[in-house]
Amino acid sequence: MNKNTFKSGNVSFQYLDTWIVEKADTFNNPDCIATLSKGENNLLNVVAFPTPTNLDDYKEFMENTISDDGGVILESDFVQIASMDAIRLHANIKSPDITFDIHTYVFIEDGSIYIFELRTADYSSATIKEYDDLISSLKLE
């Protein structure tokens, strides 16, 4: 498998060629800068926008939002990845149609927030490792 580089504005990261860059859904989410998919079970959205918040407050907001929507938080930690402080959150969501996991990394740098959210019904460790490797390659320039 080969690696490709995604770049948009000041955001860049590497991803395996098994992932496909889709058209970013800026209609439903004008802050979306990237959408990648891997098969039918994996969808990664990347959003970025200016923010006055910090990691502590945003972590609480994310946890409350997921819990209020009936999701179950499996993990929520502060981590350091890609040489930056981040929030790592893993939750399970059950809807009438599908059960899926959300894996999220949140970075706040220089007054902007960067959210990487993988929605997956593919519970293989290989997919999560690829996602973590993608996040590890993140550069904000």
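Checked against side chain to side chain donor-acceptor pair (under 3.5 Å), N42 has the following partners two or more places apart in sequence or in another chain: T120, D122. Qualifying ring-ring contact (aromatic ring centres under 6.0 Å, His included) partners for F6, counting only residues two or more places apart in sequence or in other chains: F13. Residues meeting the ring-ring contact (aromatic ring centres under 6.0 Å, His included) test with Y105, sequence neighbours left out: Y131.
For residues 100-116, no pair satisfies salt bridge (Lys or Arg N to Asp or Glu O under 4.0 Å), with sequence neighbours left out.
Members clustered with L74: V72, by chain and number, using a 4.5 Å side-chain heavy-atom cutoff among hydrophobic residues. Grouping Ile, Leu, Val, Met, Phe, Trp and Tyr by side-chain contacts under 4.5 Å, direct or through others, puts I87 with V47, F49, L55, Y58, F61, M62, I66, I73, F78, L89, I93, I98, F100, I102, V106, I108, I113, I115.
Atom OG in S76 sits 9.5 Å away from atom CZ in R88 (nearest 0.5 Å). The distance from the NZ atom of K38 to the CG atom of L44 is 12.0 Å, given to the nearest 0.5 Å. Expressed to the nearest 0.5 Å, how far CD of E117 lies from OG1 of T35 amounts to 11.0 Å. The CD atom of Q14 sits 12.5 Å away from the CD1 atom of I135 when rounded to the nearest 0.5 Å. Separation of atoms CG (L16) and CG (N2) is listed at 9.0 Å; rounding is to 0.5 Å. Atom CE of M84 is separated from atom OH of Y114 by 9.0 Å, given to the nearest 0.5 angstrom.
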Before giving the answer on side chain to side chain contact (heavy atoms under 4.5 Å, CB included), spell out for V11 and L140 the whole-Å C-alpha distance, their side-chain angles and the decisive distance to 0.1 Å.
CA-CA 5 Å; V11 175; L140 301 175; 3.7 Å; yes
Full working for side chain to side chain contact (heavy atoms under 4.5 Å, CB included) between F116 and T104:
CA-CA 6 Å; F116 291 73; T104 307; over 6 Å; no
Would you sort out whether N28 and D25 count as a side chain to side chain contact (heavy atoms under 4.5 Å, CB included), showing the intermediate values?
CA-CA 6 Å; N28 289 318; D25 183 9; 3.0 Å; yes
Quick one: do T18 and E130 satisfy side chain to side chain contact (heavy atoms under 4.5 Å, CB included)? Show the steps, please.
CA-CA 10 Å; T18 54; E130 290 173 13; 3.8 Å; yes
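Side-chain atoms of D69 do not come within 3.5 Å of backbone N or O of G71 as any donor-acceptor pair. In this structure, D77 contributes its side chain and V79 its backbone to no donor-acceptor pair below 3.5 Å. Looking only at distances, a side-chain donor or acceptor of S137 sits under 3.5 Å from a matching main-chain atom of L134.
Residues C32 and A24 come closest through the heavy atom pair SG-CB, 3.9 Å. Looking at every heavy atom in both residues, T5 comes nearest to Y15 through C-CE2, 4.0 Å.
Surrounding CD of E60 are at most 12 heavy atoms belonging to other residues, nucleotides or ligands under 6.0 Å away.
Note on E141 versus K7: salt bridge recorded, some NZ/NE/NH1/NH2 to OD/OE distance being below 4.0 Å.
Hydrophobic clustering (ILVMFWY, side-chain heavy atoms < 4.5 Å, transitive): I20 and L43 are in distinct clusters.
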